[in-house]
Protein chains: 2
Amino acid sequence: MNTDFSTILRSLNLKITPKRIAILDILMNESSYLSPEEIWTRMKKQFRSVGLPTIYRNLEELSERNIISKVTHPNRQLYYYFCANRSHHHHFVCLSCRNVEDINFCALDELRREVKRKHNGKVISHILQVNGYCRNCLNKEGKDNEI
Amino acid sequence: MNTDFSTILRSLNLKITPKRIAILDILMNESSYLSPEEIWTRMKKQFRSVGLPTIYRNLEELSERNIISKVTHPNRQLYYYFCANRSHHHHFVCLSCRNVEDINFCALDELRREVKRKHNGKVISHILQVNGYCRNCLNKEGKDNEI
DNA sequence: ACTTTAAATAGAACTCATTTCTATTTAAGT
DNA sequence: ACTTAAATAGAAATGAGTTCTATTTAAAGT
Ligand SMILES: [Zn+2]
Ligand SMILES: [Zn+2]
Ligand SMILES: [Zn+2]
Ligand SMILES: [Zn+2]
């Protein structure tokens, strides 16, 4: 695992620091999206001292470089998750348990075509995210179904 | 126009107040998305006293009731716009001039099917937004092309 | 191993968009 | 006009996220 992270970080010209590896490790071993504070809480168990700005900074760097992704959450706070799927895709996000699953569907081509044809504009980026409740949470019959 | 607003507000069981009408009026006569503060600035020209919380509260109420829409912006601040198109659709948002145009395309059905089939989950909401540069801004050749 | 240097970090302080609170005003139904 | 719940102003608070600076550290070169 460790070697894995090192390779990733080296290829990005980021220094291989224990904090960076720990952040990646936490995200990779979690199927839900996490907030910076939640990651911080876990980090504090591993390091005698670690600053919240370090968490924010690293998460931002890693997401800028597309190693991790951001969730667009109704409460407008930041959440991140790691997805091993390196090809372009989108996500089905559970509003209850925060589980994230891949959706291998993207209408980007059609969107780009429509934007080009009707508005003569240029597409730079797109957001596509599906929010709902996953199987497990549906089975729990609405328990804990908070956003 | 005014009658229009009244009808809308009445049908939502919202009181018809001058501030509400002014907020709707500002948004309807603007093809770009606006921040609460920008709306406040315009409101202060029309009212001797008006509080920023009133703007925030009304924008939230109106968007909850689907009269106006939120923009998902990279800077994570709130922006709103009014769209006359009452049927389900999405938007092409210019990152430079903030112009908003309708995209009459939505993959919701396919997404719902994939989520149902592969994950056995339930779709509650979805976000689809295309960011880019509109014709006008492209013609300006990159001038002012800030996010 | 030792030196050097730029990148990374800790911790404190700060920012400012958004929210909360409370007293007052107002829309609208009787 | 009277009543009442909704809406508002203004002040104050909140808190997620950012900035700043001194210190530490990764890693490249010797
Ligand atoms: Zn994924
Ligand atoms: Zn896509
Ligand atoms: Zn529209
Ligand atoms: Zn849709």
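Only a predicted model underlies this, so the values are computations on that prediction, with no experimental measurement involved. Every chain is numbered from 1 and lettered A, B, ... according to where its sequence line falls, protein lines coming before strand lines.
Atom pair A/I21:CD1 and D/dT25:P shows a separation of 15 Å (rounding to whole Å applied). Distance CG (A/L78) to C1' (D/dG15): 13 Å, rounded to an integer number of Å. Rounding to whole angstrom units, NZ of residue A/K19 and P of D/dA26 are separated by 10 Å. In this structure, CD of B/E60 is placed 14 Å from P of D/dA7, rounded to the nearest angstrom. Here D/dT8 presents its C1' atom at 17 Å from OH of B/Y56, a figure rounded to the nearest Å. Between the C1' atom of D/dT24 and the CZ atom of A/F47 lies a distance of 14 Å, rounded to the nearest Å. To the nearest angstrom, P of D/dT8 lies 17 Å from CZ of B/R48. Rounding to whole angstrom units, CG of residue A/L52 and P of C/dA8 are separated by 18 Å.
Both B/Q77 and A/L14 lie near DNA chain C, and the one whose nearest nucleotide falls closer to the 5' end is A/L14. The nearest heavy atom of DNA chain C to A/P53 and to A/N13 marks one nucleotide each, and the one closer to the 5' end goes with A/N13. Closest-nucleotide positions on DNA chain D for B/K15 and B/R76 were compared, and the one nearer the 5' end corresponds to B/K15.
When distances run from any side-chain atom of B/T54 to the nucleotides D/dG17, C/dA10, D/dT8, the shortest one goes to D/dT8. You'll find that the side chain of A/P18 is closest to D/dA26, out of D/dA5, C/dA10, D/dA26. In the set D/dA27, D/dA9, C/dA8, D/dA9 carries the atom at the smallest distance from any side-chain atom of B/S49. For A/E37, the side-chain atoms get nearest to D/dA16 when compared with the rest of D/dA16, D/dG17, C/dA10.
Distances shorter than 4.0 Å separate none of the side-chain N or O atoms of A/R57 from OP1 or OP2 on C/dA8. Side-chain nitrogen and oxygen atoms of B/T17 include none within less than 4.0 Å of the OP1 or OP2 phosphate oxygen of C/dT26. The side chain of B/N58 places an N or O atom within less than 4.0 Å of a non-bridging phosphate oxygen (OP1 or OP2) of D/dT8.
Residue A/F5 is grouped with residue A/L62 when hydrophobic side chains (ILVMFWY) are merged at heavy-atom distances under 4.5 angstrom, including chains of intermediate members.
Not one N or O on the side chain of A/H90 forms a donor-acceptor pair closer than 3.5 Å with the backbone of A/Q129.
Residues B/L59 and B/L78 are not in side-chain contact: their nearest non-hydrogen atoms beyond the backbone lie 4.5 Å or more apart.
Between B/R20 and B/E61 there is a salt bridge, since at least one side-chain N of the basic residue sits less than 4.0 Å from a carboxylate O of the acidic one.
Relative orientation of the B/Y33 and B/Y79 rings is perpendicular, given thresholds of 30° and 60° on the angle between their planes.
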